[in-house]
Number of protein chains: 2
Amino acid sequence: MFDQLKKIAPQLQGSWERYANLYHRLEVPAKTILLHEGDVSKKAYYIEKGCLRAWFNNKGKDVTFQFFFEQEGVSSIESFRKGIPSPITLESIEPCVLHWIHKKDYNEVMKELNTIPEVREQMAALMLNRQINYMSHFMSFIRDTPKERYLNLLKEKPHIVKRIPQHYIASYLGITSVSLSRIRNAINK
Amino acid sequence: MFDQLKKIAPQLQGSWERYANLYHRLEVPAKTILLHEGDVSKKAYYIEKGCLRAWFNNKGKDVTFQFFFEQEGVSSIESFRKGIPSPITLESIEPCVLHWIHKKDYNEVMKELNTIPEVREQMAALMLNRQINYMSHFMSFIRDTPKERYLNLLKEKPHIVKRIPQHYIASYLGITSVSLSRIRNAINK
DNA sequence: GGCCTGCGATAACAATTGTTAATAAATGAA
DNA sequence: TTCATTTATTAACAATTGTTATCGCAGGCC
């Protein structure tokens with residue numbers, strides 16, 4: 001779970017085990033809600049096995065916002081870090097093996113890690129990359145047609161198309177499942 | 001230019017003037033390009049007066065990505081911070097009074113500021129907020145219709161609608177200027 | 001003033017997407 | 001296995017948006 005950080009800050013030696021003990025293992029079936037839209041998030045998750053989606057309710061329909069897979073950390077970042085109501089729901093798509101940490105413990109770990117300049121830089125770089133990812137994802141929405149977005153997804157993130165039910169992908173692409181079905185049909189010709 | 005930071009780190013007293021001297025004043029007419037798509041950014045700008053837009057070329061048409069106004073810092077963040085070719089062009093919309101700083105100097109200032117925990121926290125919070133802004137902007141694209149996005153813009157950021165030519169706003173909303181004109185016509189009834 | 005350019009509105013038609021509904025296939029649980 | 005639920009496809013029609021082109025207006029520049 002801390003593989004990357006261990007390389008950067010080996011001087012923390014004994015601390016890693018202590019950190020790992022703050023995480024709690026959790027197995028959940030598919031379609032389990034881990035955080036409800038509107039609630040304040042107190043837990044951050046790490047995915048050992050399975051996948052999740054973040055979605056929100058829009059006029060009675062659910063709109064999928066993002067997917068998460070193995071070896072990824074998951075939270076409603078604004079809710080978890082700022083203590084405000086979450087704009088999104090977190091839900092398992094497949095049966096999952098997760099590890100969660102309480103906000104209180106997470107903050108303690110971060111406090112310690114932040115004393116190490118190398119780790120701090122690494123964290124800042126991670127945040128920058130996350131921001132750049134959101135920006136380029138957003139750019140594709142004002143640049144490309146739904147058909148182009150689907151073809152991009154097939155090329156750039158085929159694991160999503162292979163693993164995620166199509167109607168979730170449709171709303172992730174900003175279209176209806178009917179329209180995605182038509183687009184797929186048009187491509188196979 | 002450092003108003004916010006002065007409150008957080010008054011102990012830097014004499015440094016502010018030194019920092020301010022690293023900035024160069026620059027006046028430009030409208031439609032001046034400050035950074036070309038594909039070039040590596042070496043300068044970050046601060047807007048004293050006027051406004052800019054970030055746009056990129058898509059199949060011969062330019063697509064506006066973001067607007068910037070007075071008292072805002074502007075750069076192609078991935079190009080400036082990571083030294084990679086910029087995915088966007090920066091261009092003035094109105095005649096502007098700008099202040100720019102060279103990357104080398106910027107890094108020096110940041111190095112000093114990063115030694116102060118309070119400033120570091122403030123910077124991290126700023127980055128977090130930027131990311132949250134991009135996320136919620138993106139959410140509006142998979143949630144709302146073009147008409148709803150325009151109505152949101154009118155409500156949330158009326159200064160953009162008042163000040164920016166309509167065809168730039170259209171591509172910012174992900175639609176053509178013809179379609180935006182139709183939407184405006186439909187609203188006025 | 002006269003001219004050019006940029007900007008916005010509108011029309012006509014093509015293309016795409018949304019909506020609703022019906023159906024079929026796949027999946028999962030008892 | 002059987003049954004119920006979920007998921008994907010297709011059709012028909014409505015609504016929206018894109019494309020192309022024309023027109024009028026206002027601002028800036030000579």
Side-chain angles (χ1 to χ4, degrees), chain A residues 27-33 50-51 53 55 58-64 67 91-96 140-154 160-189, chain B residues 28-33 50-53 55 58-64 67 91-96 140-154 160-189:
Chain A
E27 281 192 46
V28 297
K31 303 213 175 195
T32 303
I33 291 181
C51 62
R53 69 185 182 112
W55 61 273
N58 183 44
K59 297 162 197 157
K61 295 185 176 180
D62 67 285
V63 179
T64 298
F67 301 109
E91 182 181 335
S92 61
I93 295 178
E94 306 173 354
C96 292
S140 79
F141 268 77
I142 46 180
R143 184 191 341 117
D144 303 328
T145 63
K147 187 182 200 166
E148 291 171 324
R149 287 205 292 277
Y150 179 69
L151 288 170
N152 275 340
L153 195 69
L154 265 178
I160 290 186
V161 182
K162 278 177 197 145
R163 203 163 159 187
I164 307 288
Q166 211 164 288
H167 59 289
Y168 293 154
I169 293 177
S171 77
Y172 177 71
L173 293 174
I175 56 177
T176 61
S177 61
V178 176
S179 190
L180 178 54
S181 184
R182 277 191 293 236
I183 288 170
R184 281 165 52 90
N185 186 298
I187 290 171
N188 294 329
K189 278 174 185 171
Chain B
V28 297
K31 302 211 177 201
T32 305
I33 290 181
C51 62
L52 307 179
R53 69 184 182 115
W55 61 274
N58 183 44
K59 297 161 198 158
K61 296 188 177 176
D62 68 286
V63 179
T64 297
F67 302 109
E91 183 180 335
S92 61
I93 295 178
E94 305 173 354
C96 291
S140 80
F141 268 76
I142 45 178
R143 184 191 342 116
D144 303 329
T145 63
K147 188 183 201 167
E148 291 170 325
R149 287 204 292 278
Y150 179 68
L151 288 170
N152 274 340
L153 195 69
L154 266 178
I160 290 187
V161 181
K162 278 176 198 146
R163 201 162 161 186
I164 307 288
Q166 211 165 288
H167 58 290
Y168 294 154
I169 292 176
S171 77
Y172 176 71
L173 293 174
I175 55 177
T176 62
S177 61
V178 177
S179 189
L180 177 56
S181 183
R182 278 191 292 234
I183 287 170
R184 282 166 51 90
N185 186 297
I187 289 170
N188 295 330
K189 281 172 184 170

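Keep in mind it's a predicted model, so treat the numbers as computed, not measured. Letters A, B, ... mirror the listed sequences (proteins, then strands); counts begin at 1.
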(request) Start with the C-alpha distance between A:I93 and A:F67, add both sets of side-chain angles, then the distance that settles side-chain contact (heavy atoms from CB on, under 4.5 Å), and finish with yes or no. (result) CA-CA 9 Å; A:I93 295 178; A:F67 301 109; 4.0 Å; yes

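Between the CG atom of B:L173 and the P atom of C:dG8 there is a distance of 13 Å, given to the nearest Å. When rounded to the nearest whole Å, the span between CG of B:D62 and P of C:dG6 equals 12 Å.
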(request) Give DNA chain C the dot-bracket treatment, 5' to 3': Watson-Crick (N1-N3 with N6-O4 or O6-N4) or G-U (N1-O2, O6-N3) under 3.5 Å, [ ] crossing, | other strand. (result) ||||||||||||||||||||||||||||||

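We find the CH2-CD1 distance between B:W55 and B:I33 to be 5.5 Å, quoted to the nearest 0.5 Å. With rounding to the nearest 0.5 angstrom, the CZ atom of B:R184 is 11.5 Å from the OG atom of B:S177.
Evaluation of the side-chain contact (heavy atoms from CB on, under 4.5 Å) rule for B:V28 yields B:L26, B:T32, B:L34, B:S92, B:C96, B:L98 as partners, not counting sequence neighbours. Here B:T145 pairs with B:K147, B:E148 under the side-chain contact (heavy atoms from CB on, under 4.5 Å) rule; sequence neighbours left out. With sequence neighbours left out, A:N58 forms a side chain to side chain donor-acceptor pair (under 3.5 Å) with no residue at all. In this view, A:Y168 satisfies the ring-ring contact (aromatic ring centres under 6.0 Å, His included) rule with no residue, not counting sequence neighbours. Taking the salt bridge (charged side-chain N to carboxylate O under 4.0 Å, His left out) definition, one finds that B:R53 meets it with B:D62, B:E91, sequence neighbours left out. Legend: residues meeting ring-ring contact (aromatic ring centres under 6.0 Å, His included) with A:Y150, ordered by chain and number and at least two apart, are absent. Evaluation of the side-chain contact (heavy atoms from CB on, under 4.5 Å) rule for A:S181 yields A:Q166 as partners, not counting sequence neighbours.
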Using a cutoff of under 3.5 Å, can you pull out all pairs of nitrogen or oxygen atoms linking the protein to nucleotides 26-28 of chain D, with atom names and distances?
none

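Remark: side-chain polar atoms of B:S171 are paired, donor with acceptor, to backbone N or O of B:T64 under 3.5 angstrom.
Counting only residues at least two apart or in different chains, salt bridge (Lys or Arg N to Asp or Glu O under 4.0 Å) contacts with residues 161-180 of chain B comprise B:E70-B:R163, B:E94-B:R163.
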(request) Heavy atoms under 4.0 Å is the rule here; annotate nucleotides 24-30 of chain C 5' to 3' with B where the base is hit, S where only the sugar-phosphate is, and - elsewhere. (result) -------

(message) One character per nucleotide, please: for nucleotides 6-25 of chain D, 5' to 3', B when the base has a protein heavy atom closer than 4.0 Å, S when only the sugar-phosphate does, - otherwise.
(response) SSSBBBB----BBBB-----

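In plain terms, the two heavy atoms of B:I169 and B:I164 that are nearest each other are CD1-O, 3.6 Å.
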